[in-house]
Amino acid sequence: MLTLALLREKTEDVKKGLAVKNFNQPELVDEIIKLDDDRKALQRDRDEAQMQMNKASKEIGAAFKSGDKAKAEELKAETAKLKEDIKALSEKHDAALEAMNKKLILLPNMPHSSVKPGKSEEDNENIHQEGEIPEFSFKALPHWEITERHDIIDFELGNKITGAGFPVYKGKGAKLQRALISFFLDRATEAGYLEIQPPLVINEDSGYGTGQLPDKDGQMYAIPEDKLFLIPTAEVPVTNIYRNVMLKEDELPKKNTAYSACFRREAGSYGKDVRGLNRLHQFDKVEIVQIVHPEKSYEVLEEMREHVAGLLRELKLPFRILRLCGGDTSFTAALTYDFEVFSAAQKRWLEVSSVSNFESFQANRMKLRFKDKEGNTSLLHTLNGSALALPRILASLLENYQTESGVIIPEVLIPYTRFDEI
RNA sequence: GGAGAAAUGGCAGAGUGGUCGAAUGCGGCGGUCUUGAAAACCGUUGACCUUCACGGGUCCGGGGGUUCGAAUCCCUCUUUCUCCGCCA
């Protein structure tokens, strides 16, 4: 959620920024400011009435104490009108506040100045590419054939137990997955992140805090009976650790990492994109989250980007980094880098990580603030990134590292898998 | 799942209808003293909204109610603790 101060001070800049994100209701900004003006006027009136009421109550109390019952009763009669006024003004005030908030949460985050306009993923900017794309002297198999040949991931079995998009990992497939999780968590720990095991189920307040609610609930699996949701990413429970929190400046930065299963309904997905491990309803991911001083967040974004790049380098997977255009940058993000690995048999780039700076957008919703040395409070900045999402890493590992007879395990993973080929 | 008790400032813990945003202690910050530190002593120490400012308003787990007036009474939800039951 954008701050009212920003809307007021930089009204035109905000409108321009939102246009980069293809947000087409600039008039909302003016409406919000107008509603806030109304609200302030109503608050002044209500506070004035409340003050008189408080004064009268004290006088009544004093009258009773001094035994002047008649005077007390007289004063009491006078408060009736005040009471009505306060009630009416309060209701109007609350209505204006609610109307304003309803509109305010419709505004997406402002994009960073480096974000270029654009409609979709086609307009994303390729800013970096490295690693060698493997060549095969034999016919390379897509990962879903490799997994079937070696019986390490069973998609059919998942269909039986749950439905499409819930594969069953078996034997070396399960172990390779576990190895990757441990590898990623260890690297995050070495980089100073505190490992967290969060709940996989969240309440409405948490969904609201990170922006999945109120209007993206269609992407989450819900448990309506308990008003709970399965997490779409560990970002949600981990960032919500800091909901309604006041940190001290010297506690910054807060660095957390978490492995979790992630659940996504992926309503509207279809076609070849969903083949094999490319798009699942349940998948594993290691997430990194940082809560930082507002002046440091872009520096930290680069640090996180470098962390993710380092993982892919160690796995020796060819990858590229995209700076997302306005249209593809999520509602809550100011700047996002996507990481894609090349999957050698499908001959496709697969998204394996998304690293974003949310600036104060989430912090404002969550009331996540810090107190500086002068005692002033201000909003913190939040960032997160996948480091990394497992299924597509697994897909490209299987495809890129395949031999005619099997799959070689990347060297850095062997201490974790304790086998060197499949 | 059943029965009971509780939820107050960073922490501990008073406060059962009236100048209570809240005693006291600890902790934090500033100062006196000291070569320095400790101890002692003095002062200070929550958030939010509003105002150019003075000031005003709100907040004692969340929500609602009674009352001229609620931390205090009532309803409800949540959480914690104790006992019983069940259980990885």
Side-chain angles (χ1 to χ4, degrees), chain A residues 1-9 32-105 197-209 213-214 223-229 237 240-252 254 291 360 363-380:
Chain A
M1 180 163 83
L2 295 172
T3 62
L4 282 166
L6 183 73
L7 297 194
R8 283 181 180 280
E9 284 159 26
I32 289 163
I33 293 171
K34 170 74 171 60
L35 280 165
D36 192 45
D37 287 339
D38 295 349
R39 198 206 102 247
K40 282 184 183 180
L42 286 162
Q43 182 181 335
R44 272 194 293 274
D45 294 348
R46 186 203 61 189
D47 284 359
E48 171 67 21
Q50 187 63 248
M51 183 184 68
Q52 286 179 27
M53 181 63 121
N54 288 345
K55 229 160 107 187
S57 292
K58 279 180 185 174
E59 282 170 24
I60 291 168
F64 269 122
K65 240 178 198 167
S66 64
D68 193 347
K69 268 205 159 168
K71 192 184 171 200
E73 288 304 327
E74 193 183 310
L75 284 164
K76 252 196 203 183
E78 285 171 19
T79 60
K81 165 113 182 31
L82 266 178
K83 205 176 179 180
E84 271 175 40
D85 290 351
I86 290 169
K87 199 177 173 204
L89 287 165
S90 284
E91 278 166 9
K92 277 192 199 167
H93 171 272
D94 294 350
L97 181 65
E98 199 183 319
M100 188 195 73
N101 279 330
K102 248 186 182 158
K103 296 195 176 190
L104 194 54
I105 58 172
Q197 275 198 27
L200 304 181
V201 181
I202 51 143
N203 59 27
E204 287 179 315
D205 285 347
S206 295
Y208 182 83
L213 298 177
I223 308 167
E225 202 176 346
D226 298 300
K227 290 189 177 162
L228 298 173
F229 300 86
N240 272 285
I241 291 172
Y242 301 96
R243 175 153 44 85
N244 279 318
V245 164
M246 178 83 76
L247 294 170
K248 294 196 191 92
E249 191 168 357
D250 59 17
E251 293 178 276
L252 301 172
K254 288 282 185 189
I291 314 288
S360 64
N364 191 30
R365 277 199 186 197
M366 289 195 295
K367 293 199 169 62
L368 165 55
R369 295 162 300 169
F370 77 108
K371 194 174 272 206
D372 66 22
K373 280 152 195 141
E374 282 79 49
N376 304 311
T377 61
S378 24
L379 293 169
L380 286 157

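Chain identifiers are assigned alphabetically (A, B, ...) following the order of the sequence lines, protein sequences preceding nucleic acid strands; residue numbering begins at 1 within each chain. Keep in mind the model is a prediction, meaning the values are calculated, not measured.
- Across every non-hydrogen atom of A:Asn240 and A:Gly209, the tightest pair is OD1-CA, 4.0 Å.
- A distance of about 31 Å separates the P atoms of B:rG27 and B:rU19, rounded to the whole Å.
- Comparing B:rA12 with B:rA7, their C1' atoms are spaced 14 Å from each other, to the whole Å.
- Nucleotides B:rA88 and B:rA14 are separated by 43 Å at their C1' atoms, to the nearest Å.
- For the P atom pair drawn from B:rU16 and B:rG65, the interatomic distance equals 26 Å after rounding to whole Å.
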Residues A:Met100, A:Leu97; criterion side chain to side chain contact (heavy atoms under 4.5 Å, CB included); working and verdict: CA-CA 5 Å; A:Met100 188 195 73; A:Leu97 181 65; 4.1 Å; yes
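- Comparing A:Gly61 and A:Lys367 by the nucleotide of RNA chain B whose heavy atom lies nearest to each, the residue mapping closer to the 5' end is A:Gly61.
- Across B:rC54 and B:rA40, the matching P atoms stand 37 Å from one another, rounded to whole Å.
- With P as the reference atom, B:rU76 and B:rA5 are 14 Å apart, rounded to whole Å.
- A:Leu42 and A:Ala96 make their closest contact through CD1-CB, 4.3 Å (heavy atoms, listed as atom of the first residue, atom of the second, distance).
- A:Lys40 comes within 4.0 angstrom of sugar-phosphate atoms only, judged by non-hydrogen atoms across all strands, and of no base.
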Could you check A:Asp226 against A:Val201 for side chain to side chain contact (heavy atoms under 4.5 Å, CB included), going step by step and ending with a plain yes or no? CA-CA 11 Å; A:Asp226 298 300; A:Val201 181; over 6 Å; no
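- Protein chain A contacts RNA chain B over a range whose 5' and 3' limits, counting nucleotides with an atom under 4.0 angstrom from a non-hydrogen atom, are B:rG18 to B:rG69.
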A:Arg8 and A:Asp37: CA distance, side-chain angles, deciding distance, side chain to side chain contact (heavy atoms under 4.5 Å, CB included) verdict: CA-CA 11 Å; A:Arg8 283 181 180 280; A:Asp37 287 339; 2.8 Å; yes
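- A:Ser206 and A:Asn203 share a side-chain donor-acceptor pair at under 3.5 Å.
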Pair A:Ile60-A:Thr79, side chain to side chain contact (heavy atoms under 4.5 Å, CB included): steps then yes or no: CA-CA 10 Å; A:Ile60 291 168; A:Thr79 60; 4.2 Å; yes
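- Taking atom P on both B:rG30 and B:rC81, the two are 38 Å apart, rounded to the nearest angstrom.
- Using a 4.0 Å heavy-atom cutoff across all strands shown, A:Lys371 reaches sugar-phosphate atoms only and no base atom.
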Give RNA chain B the dot-bracket treatment, 5' to 3': Watson-Crick (N1-N3 with N6-O4 or O6-N4) or G-U (N1-O2, O6-N3) under 3.5 Å, [ ] crossing, | other strand. ((((((((.[[[..)..(.....]]]((((((.......))))))(((((....))))).[[[[[..)....]]]]])))))))....
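- Among the protein residues, A:Leu75 comes within range of no part of the nucleic acid, since none of its heavy atoms lies under 4.0 Å from any strand.
- A:Leu7 and A:Ile33 make their closest contact through O-CD1, 3.5 Å (heavy atoms, listed as atom of the first residue, atom of the second, distance).
- Without hydrogens or angle criteria, A:Thr3 side chain to A:Leu6 main chain gives a donor-acceptor distance under 3.5 Å.
- Using C1' as the reference atom, B:rU51 and B:rU44 are 26 Å apart when rounded to the nearest Å.
- Around the CD atom of A:Glu249, the shell of radius 6.0 Å holds more than 12 heavy atoms that belong to other residues, nucleotides or ligands.
- Near RNA chain B, meaning a heavy atom under 4.0 Å from it, residues 44-57 of chain A has A:Arg44, A:Arg46, A:Asp47, A:Gln50, A:Met51, A:Met53, A:Asn54, A:Ser57 in order of number.
- Comparing A:Ala62 and A:Lys76 along RNA chain B, the residue whose closest nucleotide (by nearest heavy atom) sits nearer the 5' end is A:Ala62.
- Closest of all the heavy-atom pairs between A:Leu379 and A:Phe370 is O-CE2, 4.0 Å.
- Under a cut-off of 6.0 angstrom, the local environment of CD in A:Gln197 is sparse, with at most 12 non-hydrogen atoms contributed by other residues, nucleotides or ligands.
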